[in-house]
Amino acid sequence: AIANTLYAAALRRDWQGAKPFIAAVSHAVQEGRAMGGATPQDWSNTLWALATMTGGQCDQAGDIKVLFSSGARAMVRLMPGADTQAIANTLWACAKVNHYDEALMSSAVAALAGKAAEAATQELVHTLWACSQLGWSWGAGGDTLIAQLAVRVQEAKPQEISSALLACAEIDTVHRASPAAAGAGSAATQ
């Protein structure tokens, strides 16, 4: 019911009107009275609704931060049972509000990589975009997602192709700027 209520508010872009409800949900989650039995789809829908409702223009303080932090922890725990849409939408929502969680990123990319063949092209693109926006550099899981996109390039929409290329370029830049990559680069030139 929580995810559906937030979803309805998101469709109306009613951020101000939903603030009291969001505060109540945040406090109930903190006290263990809400979302305890939530599914990956419930958490994904909740985070998507919060990111959509606020247009990504919220600070990561207070109730929104509590819900994103709680959702990230729950999704890491629930990741094995998450479908591709829940995984991609969770990462998209986190990127929209700039909520970075290393454990979530690692588990989500690994889980989606394991299900890449069944993921929709848009889900793969959203995941690449989220990783690029959050500055996350990956390994084999990300390579699997890119390989799956390459197989589907003929069926992808032009916007999906351009978004994927931009995300890959940004991720490559992040990877090259990382201390580990810089150390590998300097070691290779010596």
Side-chain angles (χ1 to χ4, degrees), residues 1-7 10 22 25-26 28-52 56 60 63-152 155-156 160 163-164 167-168 171 174-175 178 180:
I2 290 171
N4 290 340
T5 302
L6 289 173
Y7 180 79
I22 292 168
V25 170
S26 173
V29 166
Q30 288 179 69
E31 295 168 0
R33 296 183 292 112
M35 302 289 286
T39 66
Q41 195 68 46
D42 293 334
W43 273 111
S44 171
N45 290 349
T46 297
L47 299 178
W48 179 91
L50 289 168
T52 300
Q60 275 290 297
D63 299 321
I64 298 290
K65 183 170 181 69
V66 166
L67 290 172
F68 269 87
S69 295
S70 298
R73 283 191 307 275
M75 285 300 288
V76 169
R77 188 180 73 252
L78 298 169
M79 198 57 70
D83 66 17
T84 58
Q85 182 183 31
I87 296 167
N89 284 351
T90 296
L91 291 182
W92 178 89
C94 287
K96 283 296 272 187
V97 300
N98 199 29
H99 181 84
Y100 183 84
D101 183 287
E102 180 70 33
L104 175 63
M105 298 297 291
S106 297
S107 65
V109 170
L112 193 58
K115 302 174 183 185
E118 63 192 70
T121 302
Q122 183 180 24
E123 294 163 354
L124 297 172
V125 171
H126 279 182
T127 300
L128 287 172
W129 176 82
C131 291
S132 75
Q133 295 303 297
L134 292 169
W136 194 71
S137 182
W138 63 45
D143 294 341
T144 300
L145 300 180
I146 291 170
Q148 187 58 230
L149 272 172
V151 169
R152 299 177 188 191
E155 68 189 50
E160 291 171 335
S163 294
C168 289
I171 289 167
V174 167
H175 175 71
S178 74

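Position 1 is the first residue of the sequence, and the numbers go up from there.
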Is the side chain of [X] donor-acceptor paired with the backbone N or O of [Y] at a distance under 3.5 Å, no angle test?
X: Ser26; Y: Ile22; value: no
X: Ser69; Y: Val66; value: no
X: Ser44; Y: Pro40; value: no
X: Ser132; Y: Trp129; value: yes

More than 12 heavy atoms from other groups under 6.0 Å of CD on Gln41: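 Yes, CD of Gln41 has more than 12 neighbouring heavy atoms, counting only those of other groups under 6.0 Å.
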Enclosure of Tyr7 OH (heavy-atom neighbours >12, cutoff 6.0 Å):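 For Tyr7, atom OH is not crowded (no more than 12 foreign heavy atoms under 6.0 Å).
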Taking every non-hydrogen atom, the tightest pair across [X] and [Y]:
X: Leu67; Y: Trp43; result: O-CZ3, 3.7 Å
X: Glu160; Y: Val125; result: O-CG2, 3.7 Å
X: Cys94; Y: Leu134; result: O-CD2, 4.1 Å
X: Cys131; Y: Met105; result: SG-CE, 3.7 Å
X: Glu118; Y: Arg152; result: N-NH2, 4.3 Å
X: Leu124; Y: Ala119; result: CD2-CB, 3.9 Å

Asn4, Leu6, Thr5, Thr90 screened by side-chain contact (heavy atoms from CB on, under 4.5 Å) with Thr46, the one that passes: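 Only match with Thr46 under side-chain contact (heavy atoms from CB on, under 4.5 Å): Leu6.
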Pair Glu123, Thr84: side-chain N/O donor-acceptor within cut-off below 3.5 Å: yes
Mind checking the [atom1]-[atom2] spacing from [X] to [Y]? Nearest 0.5 Å is all I need.
X: Ser107; Y: Arg77; atom1: OG; atom2: CZ; value: 11.5 Å
X: Met35; Y: Ile2; atom1: CE; atom2: CD1; value: 5.5 Å
X: Met75; Y: Arg73; atom1: CE; atom2: CZ; value: 14.0 Å

With a 4.5 Å cut-off on side-chain heavy atoms, are [Y] and [X] touching?
X: Asp83; Y: Lys115; value: no
X: Phe68; Y: Asn98; value: no
X: Leu128; Y: Leu149; value: yes
X: Leu91; Y: His126; value: no

Test side chain to side chain contact (heavy atoms under 4.5 Å, CB included) applied to Thr127 and Leu145, step by step: CA-CA 9 Å; Thr127 300; Leu145 300 180; 3.7 Å; yes
Lys96 and Thr52: CA distance, side-chain angles, deciding distance, side chain to side chain contact (heavy atoms under 4.5 Å, CB included) verdict: CA-CA 8 Å; Lys96 283 296 272 187; Thr52 300; over 6 Å; no
